[in-house]
Amino acid sequence: MLTRQPMLAAILGAACISSSAVLVTLAHTGVATVAFFRCALALPALIALTLLERRRHGSRARSARLGAVTAGLLLGVDLVLWNHAIADLGAGVATVLGNLQVLFVAAAAWAVLGERPRRGFLVALPVVLAGVVLVSGLADGGGHGTHAVAGIVFGLGTSLSYAGFLMILRQTASGTAHVAGPLADATAGSALSALLLGLAFGGFSLTMPWASFGWLLLLATSSQTIGWLLITSSLPRLPAAISSLLLLLQPAVALGLAALVLGQDPTLLQVAGAVLVCGGVLAASGAISIRPRRRSAPDEAAGAAPAGDLTPGTAGPALASAD
């Protein structure tokens with residue numbers, strides 16, 4: 001099962017959510033509208049899975065549910081800010097700024113959870129970030145927006161909110177067999193956040209062409225449901241820095257999808273960047289032995305992870321604020 005192979009689950013999840021940019025382009029509607037509907041349309045399936053999960057594993061604590069909703073609020077902010085950053089800076093710079101979350105996650109995991117990055121991660125990180133810069137098209141003189149200051153603020157806000165979402169969701173899902181439940185709560189929080197931001201600042205509408213609705217339905221199914229189910233199941237079982245690094249596969253996979261679906265053929269430098277991203281991620285993941293968490297009988301019965309366990313492949317001690 002993929003729950004026993006968190007690295008594979010994270011990679012497959014990253015591949016699924018890599019289709020987001022292409023589907024958002026095809027939907028061709030407002031930034032807040034996209035963020036809201038990709039979450040709202042995913043909720044029925046996630047709620048059904050949550051009910052089945054509850055019958056098998058029991059209910060989750062209210063504090064855990066509130067933590068997941070809080071993570072979702074940050075994801076809604078991330079989704080809206082990301083689209084604004086693209087509009088103000090162009091896809092190239094926005095791609096780089098939006099992927100700085102790996103730095104924030106690694107720093108937070110070290111400071112709060114005591115997960116010191118391993119040598120393989122530290123060696124691979126600059127290689128992967130260099131690959132992201134090449135994939136973005138910056139080295140080829142890609143198009144830029146005209147609102148640089150606002151765009152940089154949006155881009156940094158994207159990375160910060162995405163990092164917060166990943167950290168809180170990881171801790172919320174830690175020490176439990178529930179996967180659909182945390183994701184459903186986070187998705188509901190994200191839909192609410194996108195709705196409020198859209199109503200406050202514009203970019204939201206309930207009406208759209210049927211073609212746009214169809215693309216958003218596909219986005220909700222492939223990315224928000226299947227992709228994030230895979231990622232949510234892997235987050236508590238991987239070191240925070242590594243799970244964040246694996247998500248940098250998105251720009252490389254998105255490059256291939258854009259060429260295949262939208263006819264946006266990559267340049268040689270962009271292809272080289274994709275190779276650097278994939279190679280760097282493989283090097284970092286290969287330096288760490290990920291194995292399923294072994295629990296004692298009392299821990300297994302309680303569904304909780306051993307406190308202070310920081311061996312590779314475990315989630316580490318839970319944050320009180322996200323528990």
Side-chain angles (χ1 to χ4, degrees), residues 17 19-47 50 62 65-91 94-95 97-98 101 145-169 172 181-225 227-228 232 321-322:
I17 66 176
S19 64
S20 297
V22 171
L23 295 175
V24 167
T25 301
L26 293 172
H28 195 63
T29 187
V31 294
T33 302
V34 171
F36 172 77
F37 275 98
R38 69 177 288 174
C39 297
L41 293 175
L43 278 175
L46 291 174
I47 291 173
T50 298
R62 179 179 298 180
R65 299 198 62 185
L66 288 176
V69 171
T70 301
L73 293 174
L74 291 174
L75 178 62
V77 173
D78 162 68
L79 294 175
V80 173
L81 291 181
W82 166 246
N83 286 288
H84 280 296
I86 292 175
D88 286 341
L89 293 174
T95 297
L97 291 177
Q101 49 85 16
T146 57
H147 302 88
V149 175
I152 290 173
V153 172
F154 285 137
L156 292 176
T158 298
S159 286
L160 283 170
S161 55
Y162 193 27
F165 161 71
L166 290 173
M167 291 293 294
I168 296 176
L169 184 63
T172 298
L183 182 59
D185 292 336
T187 300
S190 180
L192 175 61
S193 180
L195 175 62
L196 294 177
L197 287 172
L199 292 176
F201 301 105
F204 177 79
S205 175
L206 288 174
T207 61
M208 68 186 74
W210 280 108
S212 297
F213 182 83
W215 290 120
L216 291 177
L217 182 60
L218 181 57
L219 174 62
T221 303
S222 61
S223 178
Q224 198 63 35
T225 303
W228 276 106
T232 304
S321 60

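All values below were derived from every heavy atom in this structure, side-chain atoms included, with hydrogens, water molecules and symmetry-related copies excluded.
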[X]: what forms a side chain to side chain donor-acceptor pair (under 3.5 Å) with it, not counting sequence neighbours?
X    : result
D185 : R60, R65
T33  : none
S205 : T207

Apply side-chain contact (heavy atoms from CB on, under 4.5 Å) to R38 and L23, showing your working. CA-CA 10 Å; R38 69 177 288 174; L23 295 175; over 6 Å; no

Work out which heavy atom in [X] is nearest to a heavy atom in [Y]; give both atom names and the distance.
X    : Y    : result
C39  : A35  : SG-O, 3.4 Å
L79  : S190 : CD1-OG, 3.8 Å
L46  : A184 : CB-CB, 3.9 Å
L192 : L73  : CD2-CD2, 4.4 Å
A27  : L216 : CB-CD2, 3.9 Å
L169 : A186 : CD1-CB, 4.3 Å

Can you list everything that forms a ring-ring contact (aromatic ring centres under 6.0 Å, His included) with F201? Sequence neighbours excluded, please. none

Could you note down all residue pairs passing ring-ring contact (aromatic ring centres under 6.0 Å, His included) where residues 22-42 supplies at least one of them, sequence neighbours left out?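 Counting only pairs at least two positions apart or across chains, the ring-ring contact (aromatic ring centres under 6.0 Å, His included) contacts touching residues 22-42 are F36-F204.
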
Is there a donor-acceptor pair under 3.5 Å between the side chain of T158 and the backbone N or O of F154?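 Judged by distance alone, yes, a pair lies under 3.5 Å.
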
Hey, does the side chain of S223 reach the backbone of A220 with a donor-acceptor pair shorter than 3.5 angstrom? no

Any chance you could lay out the side-chain contact (heavy atoms from CB on, under 4.5 Å) test for Q224 and L75, step after step, and finish with the verdict? CA-CA 11 Å; Q224 198 63 35; L75 178 62; 3.9 Å; yes

For the pair F165 and W82, evaluate ring-ring contact (aromatic ring centres under 6.0 Å, His included) and give the outcome as yes or no after the intermediate values. CA-CA 14 Å; F165 161 71; W82 166 246; over 10 Å; no

Please test L26 against L218 for side-chain contact (heavy atoms from CB on, under 4.5 Å), starting from the C-alpha separation and ending with a verdict. CA-CA 11 Å; L26 293 172; L218 181 57; over 6 Å; no

Distance from T225 atom OG1 to L183 atom CG, nearest 0.5 Å?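 These two atoms lie 7.0 Å from each other.
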
Rounded to the nearest 0.5 Å, what separation is found between the OG1 atom of T50 and the CG atom of L43? 9.0 Å

Keeping to residues at least two apart or across chains, list the side chain to side chain donor-acceptor pair (under 3.5 Å) pairs with something in residues 210-220.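 Every pair satisfying side chain to side chain donor-acceptor pair (under 3.5 Å) with a residue in residues 210-220: there are none.
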
Which residue, L156, L166, D78, forms the side chain to side chain contact (heavy atoms under 4.5 Å, CB included) with S161?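 Result: among L156, L166, D78, D78 is the only option passing the side chain to side chain contact (heavy atoms under 4.5 Å, CB included) with S161.
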
